[in-house]
Every structure is written in structure tokens, then in C-alpha cells.
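Structure first, then comments.
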Amino acid sequence: MPPRQPPREQARAHGRRTPSRARPGRTPGDVAAGLAALVALVALVGGVPYALLTFVGPPVSPELLDLGVLTSQVGPSTILAVLVLLVWLAWFQLLVCVVVEVYAGVRRVGMPARVPLSGGTQALANRLVSAALLLFTAGAMVAPIARLAPAPATPAVTTVAYAAPIVEHVQEAPRTKKVYVVQPPHGRHHESLWEIAEKCLGDGRRYPEIYRLNQAKEQPDGSRLRMADLIRPGWVLDMPDDAKNVHVVPVDQPRKQTLREHPGRAHVGGDATVARNAEQSVTQKREAKHRMPEQRAERRDTASRQAGQEQGATFDLADYLAGASLAAAGLLAVLARRRREQLWRRVFGRRLAAPADDAARAEAALRLGADAPGARVLDVGLRLLGAELAARRRVPPTVYAAHLSPRTLDLWIHPPDADPPAPWAAQDGGQVWRLPAHEARLLEDQPGGAPYPGLVSIGTDASGRVLVDLEAAQGLINVRGPQTTAALAAIAVELATNRWSDRMRVTLVGFGDELTAIAPERIRAVGGLAEVLPELEAAAAPRTEVLTGRVSGSPRVAHYLLSAVAPTQEEARRLALLARRDTAGYVVAGDVPHATWTLQITEDGLARIPELGFEVKAQLLPRRHYRALVDLFRTADRLAGEPVTAPEPLTALQRPAVEIRILGPVEIAGLPPLEEGRMALATELLVYLATHPGGVHPVVLGGVLWPRGVQDMVRDATIGRVADWLGPEHLRVDEAGRLVLGPRVRTDWMLFREMVRRSQAGPSAGVLLERALSLVRGPLLSGRPPGRYAWLAAEDLEYDVAAEVADTAHRLCEIRLAEGEPDAAVAAVRAALLLATDDEGLWRDLLRATHATGDVVRLRAVVEALTRRAASHPYGGGMAPETEALIEELLPTWRIHVVRQSSA
């Protein structure tokens, strides 16, 4: 049976090393270990050469100095002399390693120098010296030894390792600190870190010091500093010790209390008049620096400020949801499946229900961060691995953890195996199996079973995402910390929506009843452990049997229990016994004995598993965020739909000076192209302005185009370039400071709607509808760069376009069929299917129109295309019952032909 946890050396060999602080002071155990290490060092460094000189002689004996030994027969004395020389060389190697380690520890040089060909010897010297130096230090820094094995191409995780201590003086912590309260805006002026640094530190270029002191710290309004340019009035910023014009407060005083006690402007230790004059000077410089070449708004209206606050809320949601890239990809796939089912029941004249408020912002965050290619690499790579192992009749190894980066997928396995199936390759002596991402992207989707459905993200490091297999602990996983429920919710959502699993059940204990709305077929919630323990004990199954079944085509339901309720003593005992003999994964909150792994969530958002040596930025899903997800999925269950937004009429249909084409691949007609690196962003800016004819404030526009934040100077420079590109007649600034496009800039969508509107009254309805559908070239804004246009999730545009294009084609199809022109009806529907591909009402129109042509071969081709598409649709779900019923009516023998086609 494999051990319950992988060796710490395995984790260290693969991970990125950063120093971590050892506990201060010395315990009796430290003293005993240090004395033992000191004795061992003295014996090895001094005792070994003394014994060699006393009993066997010097390193080079007379036998080796005789040149005749090279030509004469070698005798026992010569062999003994060679062995003595080798022992002396080994001792000398140890001596060099000890000297290097002592130098690194005493002189604080950080990473000890690597002694050639001394991997195990230097590791031994490292441990002995580390323990011995603890006798002479009050605190130490642990700096890891680099393994002699080749380093992985992509660092995996932050780990902790044993190494030479570095002497560090321990100073008494200060009892006070200096803080600055960010002031409210005055007119058009908002404070920046540069100005605060100039006023309080005497040099604006020192603003990064303030940023580093406050990065990610929670502020009184609950938000955090993520970008150096995004600070808000009322924030309380920690300041360097030499700061002036600040407040001095107790070091542990909450920020909200500081704000209550010091709501005004701080002038501690300085002249108020001088400070005001300096600030006015800085304000004037800032306004001159950021003034646009065209017009500058004289004021910002209330609506723009509210929009800016909404952008802040969007960023807060993006901070968690966009960071959960694999979970975001899974959630979007499940959401698309729900919406496809909504489209089955969409009625003429109505669109799908659109999310609002936090739900809409949550979808925008998911689109911003989703890593669909990474999720596919995991799915295809793991299924291929399972299929290849099954073909060789090999049991899949235990995978403790995985690391997914843009370049590789690494699996940490036990026991080590240097013979993985291609295209996987062994690393670190078979402890790691690696799949290059470029090879994984070329693989076709795999039909085999999912061998490791319990792999789930716990967080990210500098180079990628770290996952652990909940089943690999083969025991309880104890989760602790102030954000326990947020960590459990993140695990639950990713488990329930990932694509690298088949049949799964996730049981939530004491939390997450609302999460069942996301995946009711996978998630259930119960009030206590007593409700599920008997069922779990009855369904337990050995690990080898389950793994073999998954890759051989007879999988059991993968089961994972996540409990936010601490178990009683008896429940903990039963769970521990169950987890050791069962394949399921058990993650339990509270201080639980008998746990194999402990997942610690720190106050500053780190996730640590000491048994594996992991420390990463935790993947969390706080309550507000998963409520937003729940609202999003409940909206996707609303079948009644909503009325389509009424369009604004156009005065004329003549060709515009600048046309922004969005009904297909996005194009800008009427303007010369920009350089390639700037075209995509400028195009998105124009699309947003064109679809918001009432105008957009630059602050709001910055939040839309850069959801994670941007400096004012970058935002204004981008707007300035687009203004120069368009010309002053096509982009202006209104009295409220909003950017507005000129009347000769138009989208093809505006022209489409105007033609449809005019077709309502007049004998030429068919001609106008055909002209409208001729504008459709493909899916809305197809070809847009990944990660851009996330704002579409919070807009009506996608819902309106899909519904109106489908309804226009339906109306034209009815007109042409009534006129006895079935071929024209078919052409109308096919034009709309370029954009609204998933609208099965259109497919039913296509079936009727094709049937009206009287060509059975064409009808059969449409049926076969529809059934193939339904069977292989990326979001699954088959086809609507109404569609199947219509096919039965028009082509009763269709199932026979489908069976023949699939068998062929």
C-alpha cells in the first residue's frame, strides 16, 4: 500500500523555493538535535581523518607512488591502497560541503553554493549544520538547497525545505504606525498614490513603497488595493516610517476606527498652509498633465460616479471569479447548456432572460478569467493517459497533485514510474509525469473514462494553477482558517462543473444549499454528517478497483463530501476509518484528529498544505460571490423570456462615413487600419461607444476595457489615439464629460434594426427583410480576442441580436412559403443560422422550408446534419422534443437513416 503522503523531498524537487520563517526561539528538542548534530559534525570532520591516519595511513600510500604498478599485475595491497584513497576523497568532499554550508549560514549569503557531485553529501551537511547553528541563533531564515536534478521548465508551487539557517536579529515590533486617509475628490481632481507620496514622502516616485505596504489589504469599504492607480476616498493607507502629514495610530487599530477618529485631512508634524499650497500645486500639475487635446468636461455628473462604483463592484467580483480560471470555464459551459435549453422554448418576439446586477457582473468576471484551453488540456490529457494505461493493463498511479501552466501539465505520482505512456514524459526520476501543452492542444477529444475526477484547484502560484486530488489523501483532509466556507464553496463549484469527470456526486454539509441551483444533478446539501454517514459507509469501495473501473469503461459514481460543520468525536472516528478504506474524498472543517492532510487558509488569502509543502494564493468563493452565481443560474432557468428592447429609429439608410460591423467578424469600414498592436483595443472601444449611443464617461469606459484597472494616463492616451483616428467630427465630448460618437458613425446592427422596423409597414417587407439578413456574416463579434468583450455579459446586446435575427428569418420564411418560394425561405433561414446557430426554432423553420421544396434527399441531409450536431454539441443536451416530433412528422424513417449513417 502506498504511503499516506508523498515525501516532502518530492514536493521540494518540483516547486519554486522561497524563504519561509522558522519559529523563533529554541525548544528543548532543538537543543538536543543541535548538540547531536554538533557531535556528529566533530566526529565526521575530525574523527574520520584521525581514524584513517591511525589505522590505515595517509591518502596516498607508497604502492600508488610506484610507476611500475601501471604495467605489473595488481595485487591485494594495491587494491587496498585505492580504496583508502577513495575514502579520503569522500571525507574531503564532506569537509568542503560543511565549509560551504557554515559559510552560507553564518554570512547570510542565502542559497548555499552547490558543490559538484555532492548531492546526498551536501544534503547531509546541510541538515547537520542547520541543526548545529540553531544552538547559536535566536531566529533563523530557511533557504532551500537546490536539487541536483534538472529543474522543471515551469516552476510549480511555492514550497518549504530544510537548509542552512541565516542569522537574523529579532527586533521588538513597533507599537504605532503612520497612516494616511485618502481624501474625497475636489471638482475633477482625485488623489493618486503619486500625489500622496509627493506630499508625505517628498518624492512622487516613491509611490511604489506605499503600494507595497497596502497591496491586497482590506479597506474600510471591504475592497482591496489591487492596482496602483485605483485608490478610493476613505481608504486608510499604511505609510513608511519617514512619512509627514500623516496620522500616528496604534499598530493593531482597525482601519474603520482610524477613519472614524480621523475623517479630515491629516497634517501631523507639518504646517497646514504649506501642505495646502503644495497640494494645490500638485492638483494643477495633474489637471494640466491629463487634459485631453479636444474638450475637457467641466464637471462629472452623478450618473458617472455611480457607474464608477459599479465598475468597482465588477472588479471585486472579478478578483475571485476571474481568478478561478478552471472553475470559470466549467461554469460557463454549464451555463451555455442551460441557455441552449432555454432556446428550445423561446417564443417569437421574446429573447432569453438576461441576468442583472451582481449576476451580470459575475458572468462578466467568468468570461474575463475562464481558461477553456487549460480545462481541455486537463480533460484530454487525463483521459488519454487512462486509456493508454488501460490498453497496457496497468493500474493508474496515485496522483497527489497537478500543476497546470501555459506550457505544461505536470502530475505528481506515487510510486515513481519512469515509463509513462506517450506523449507523457517522466521527470525527476519518474516522480512527475509531464504533458507539454502544445502537444495536448493537438490531441483529439478522448472517449475514454476520467481517471482523476477529484483533481481540484486550491490556488495559484507565480507560474500557474495548483490542484490536489481529494482521493489521494486516502484519509481525512482537514480545512482550517477564517475563510473555511469560502474555500469549500470554491472546491464544490469546480468539482461540480469540471469537464475532466464523468459521474459525480458532491455532498455539502452545513452550507451551500443555494449551490444546488448550479448543478442539481451533482450537488446536494444536508444539515449534518449523521444524515449521510450510513450511506457513505455502505457505498465504500477500494481505490484500485475504482481506478481500474474508470479507465476500463465501468466507472462508479465519484463521491466527495465537503463539510463546513465540525464533526463530533464519534463522527470524526467513523469518518477517519471510512476515508482510509474508501476512494471518496473527505474535506472536513474544524480541528479534526486523524487527518492525513491539513488545508490551512490564512487571513491574507494563502492556502497551505504542510504535508505536501504547498503555499499558494488560495482559490476562494465568498458568500456574496456564490450568491451572484446562483442568481445567474436561476436566471438561466427562466423560460418565459423577456421582450426585445425597442430600437431607436434612424433618419436615413444611406451609407455611413464609418461603419462598425458586428454581425459577424468585427470590422471597421471607412477608416485606415491602426498598427496591429493597437487595433484590437481601439476596435473594442468603438464597439462599446457605438452600442451606447447616449455616451460613455471616460472613467466608465476605462473600467469596461480594463476590468482589472488601468492608470488614467494609459486610458486617456488610448482615447486620444482613437479620437485622432476618427477625427473631431466623429467623436466629441458632451457637457457631462461623456464620449459620444457622431451621427455618421453607425453599426450594421443599427441598419439591420431600421430595415426590420420599416418592414412592418409597407408592401416591400420581404425585400427589406432580405436586405437586413444579408448583413449577417457569422456569430456576433466572432473572432474577438480571448478575454476581451467580457462586458457583453452585462448588456442586452447578445440577447437582442440573437432573438431579432432569428425572428426576422422566421418572418421572412413564412412570407416566402406563403408566396410559394421555398428555396428563398431556405436561404433566409440559413442566413440567420450563421449567427443564431443554437436557436432550434430556426432549425424547425429550415425543416419545414426544405420539406416544402419536395426534395427528400435535401430534407434527409438537413435531418442528418441536425442529429450529428445535437450528438456532438459542445454543451450537450441533444435536441428539443418539439424538433424530434417535427422530424417524425416530415420524415418518419429518419431514425433508420441515422442508425445506418452512424454505423457506416
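Everything numeric here is computed off the predicted structure, so don't read it as measured data.
- Residues Thr596 and Ala473 share a closest heavy-atom pair of CG2-O, 3.3 Å.
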Yes or no on side chain to side chain contact (heavy atoms under 4.5 Å, CB included) for Arg524 and Val532, after CA distance, side-chain angles and deciding distance?
CA-CA 11 Å; Arg524 65 168 175 172; Val532 293; 3.8 Å; yes
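- Between Glu840 and Glu882, every side-chain heavy-atom pair lies at or beyond the 4.5 Å cut-off.
- Nearest approach of Trp344 to Ala880, heavy atoms of both residues: CG-CB, 3.4 Å.
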Passes side chain to side chain contact (heavy atoms under 4.5 Å, CB included), Ile523 versus Thr516? Steps please.
CA-CA 5 Å; Ile523 299 179; Thr516 56; 3.9 Å; yes
Please step through salt bridge (charged side-chain N to carboxylate O under 4.0 Å, His left out) for the pair Asp221 and Arg255, ending with a clear verdict.
CA-CA 10 Å; Asp221 61 357; Arg255 296 179 186 271; over 6 Å; no
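- Here NE2 of His403 is found 9.0 Å from CZ of Phe614. Values are rounded to the nearest 0.5 Å.
- Residues Asp631 and Asp358 form no side-chain contact, since every pair of their non-hydrogen atoms from C-beta on lies 4.5 Å or further apart.
- The shortest heavy-atom contact between Ala870 and Arg340 is CA-NH2, 4.1 Å.
- No side-chain donor from either of Tyr320 and Arg624 sits under 3.5 Å from a side-chain acceptor of the other.
- Put simply, CD on Gln446 and CG on Leu384 are 4.5 Å apart, with the number rounded to the nearest 0.5 Å.
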List, one per line, each side-chain donor-acceptor pair under 3.5 Å for residues 365-376, sequence neighbours excluded.
from, atom 1, to, atom 2, distance (Å)
Arg367, NE, Glu363, OE2, 3.3
Arg367, NH1, Glu798, OE1, 3.1
Arg367, NH1, Glu798, OE2, 3.3
Arg367, NH2, Glu363, OE2, 2.9
Arg367, NH2, Glu798, OE1, 2.8
Asp371, OD1, Gly374, N, 2.9
Arg376, NE, Asp445, OD1, 3.3
Arg376, NH1, Leu443, O, 3.4
Arg376, NH2, Leu443, O, 2.6
Arg376, NH2, Asp445, OD1, 3.1

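- In this structure, the separation between CG on Leu331 and CG on Leu632 is 8.5 Å, given to the nearest 0.5 Å.
- Within the model, atoms CG of Leu326 and CG of Asp379 stand 11.5 Å from one another, a figure rounded to the nearest 0.5 Å.
- Ring geometry for Tyr400 versus His414: interplanar angle over 60°, hence perpendicular rather than tilted (30 to 60°).
- A heavy-atom distance below 4.5 Å is found between the side chains of Thr583 and Arg550.
- Taking each heavy atom of Pro593 and Leu476 in turn, the nearest pair found is O-CD1, 4.3 Å.
- The two atoms that bring Ser463 and Ser405 nearest to each other are O-CB, 3.3 Å, heavy atoms only.
- Panel note: side chain Arg499, backbone Val380; no donor-acceptor pair is recorded below 3.5 Å.
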Take Arg337 and Glu521 through the test salt bridge (charged side-chain N to carboxylate O under 4.0 Å, His left out) and record every step on the way to the result.
CA-CA 14 Å; Arg337 188 179 307 127; Glu521 72 284 357; 5.3 Å; no
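- Between Arg573 and Glu570, at least one side-chain N (NZ, or NE/NH1/NH2) sits under 4.0 Å from a carboxylate O, which counts as a salt bridge.
- One distance of note links CG of Leu385 with CG of Leu435; it measures 9.0 Å at 0.5 Å rounding.
- Residues His873 and Asp838 form a side-chain contact, since some pair of their non-hydrogen atoms from C-beta on lies under 4.5 Å apart.
- In this structure, Gln342 contributes its side chain and Arg638 its backbone to a donor-acceptor pair below 3.5 Å.
- Taking the side chain as every heavy atom from C-beta outward, Ile601 and Thr484 never approach each other to under 4.5 Å.
- Between Leu561 and Leu529, the closest side-chain pair of non-hydrogen atoms falls below 4.5 Å.
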Take Leu536 and Thr507 through the test side chain to side chain contact (heavy atoms under 4.5 Å, CB included) and record every step on the way to the result.
CA-CA 10 Å; Leu536 297 175; Thr507 299; 5.7 Å; no
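- Looking at residues two or more places apart in sequence or on another chain, you find no side-chain hydrogen bond (donor to acceptor under 3.5 Å, both in side chains) involving Thr598.
- Atom CG in Leu515 sits 10.0 Å away from atom CG in Leu562 (nearest 0.5 Å).
- A donor-acceptor pair shorter than 3.5 Å can be found between the side chains of Ser501 and Arg522.
- Proximity of a side-chain donor or acceptor of Asp582 to a complementary backbone N or O of Ala541 within less than 3.5 Å is detected.
- For Gln257, the side-chain contact (heavy atoms from CB on, under 4.5 Å) partners two or more places apart in sequence, or in a different chain, are Gln253, Pro254, Arg260, Glu261.
- When atom types are taken as modelled, the side chain of Arg346 and the backbone of Arg350 share a donor-acceptor pair closer than 3.5 angstrom.
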Side-chain polar contacts of residues 448-459 - donor-acceptor pairs under 3.5 angstrom, sequence neighbours left out - could you list them?
from, atom 1, to, atom 2, distance (Å)
Tyr452, OH, Pro397, O, 2.6
Ser457, OG, Glu494, OE1, 3.1
Ser457, OG, Glu494, OE2, 3.0

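- The environment of NZ in Lys256 is sparse: at most 12 heavy-atom neighbours from other residues, nucleotides or ligands sit within 6.0 Å.
- Remark: the backbone N or O of Ala216 is paired with a side-chain donor or acceptor of Arg224 at under 3.5 angstrom.
- A salt bridge links Asp502 to Arg383: one of the charged nitrogens lies within less than 4.0 Å of a carboxylate oxygen.
- Residues in residues 385-394 take part in these side-chain hydrogen bond (donor to acceptor under 3.5 Å, both in side chains) pairs, two or more places apart or across chains: Arg394-Asp417.
- No side-chain heavy atom of Arg480 sits under 4.5 Å from any side-chain heavy atom of Leu599.
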Starting from the C-alpha separation in whole Å, work towards a yes-or-no answer on salt bridge (charged side-chain N to carboxylate O under 4.0 Å, His left out) for Arg623 and Glu514.
CA-CA 10 Å; Arg623 188 171 185 81; Glu514 309 100 318; 3.2 Å; yes
Derivation and outcome, side chain to side chain contact (heavy atoms under 4.5 Å, CB included), residues Trp424 and Leu411
CA-CA 10 Å; Trp424 291 85; Leu411 302 180; 3.6 Å; yes
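- For the residue pair Leu321 and Ala328, the shortest heavy atom distance occurs at O-CB, 3.9 Å.
- In terms of modelled atom types and a separation under 3.5 Å, the side chain of Arg345 and the main chain of Leu639 share no donor-acceptor contact.
- Val334 has its side chain within reach of Phe633: a pair of non-hydrogen atoms, C-beta onward, lies under 4.5 Å apart.
- Listed by chain and number, the residues in a ring pair (Phe, Tyr, Trp, His ring centres under 6.0 Å) with Trp791 are Tyr688, Tyr789 (sequence neighbours excluded).
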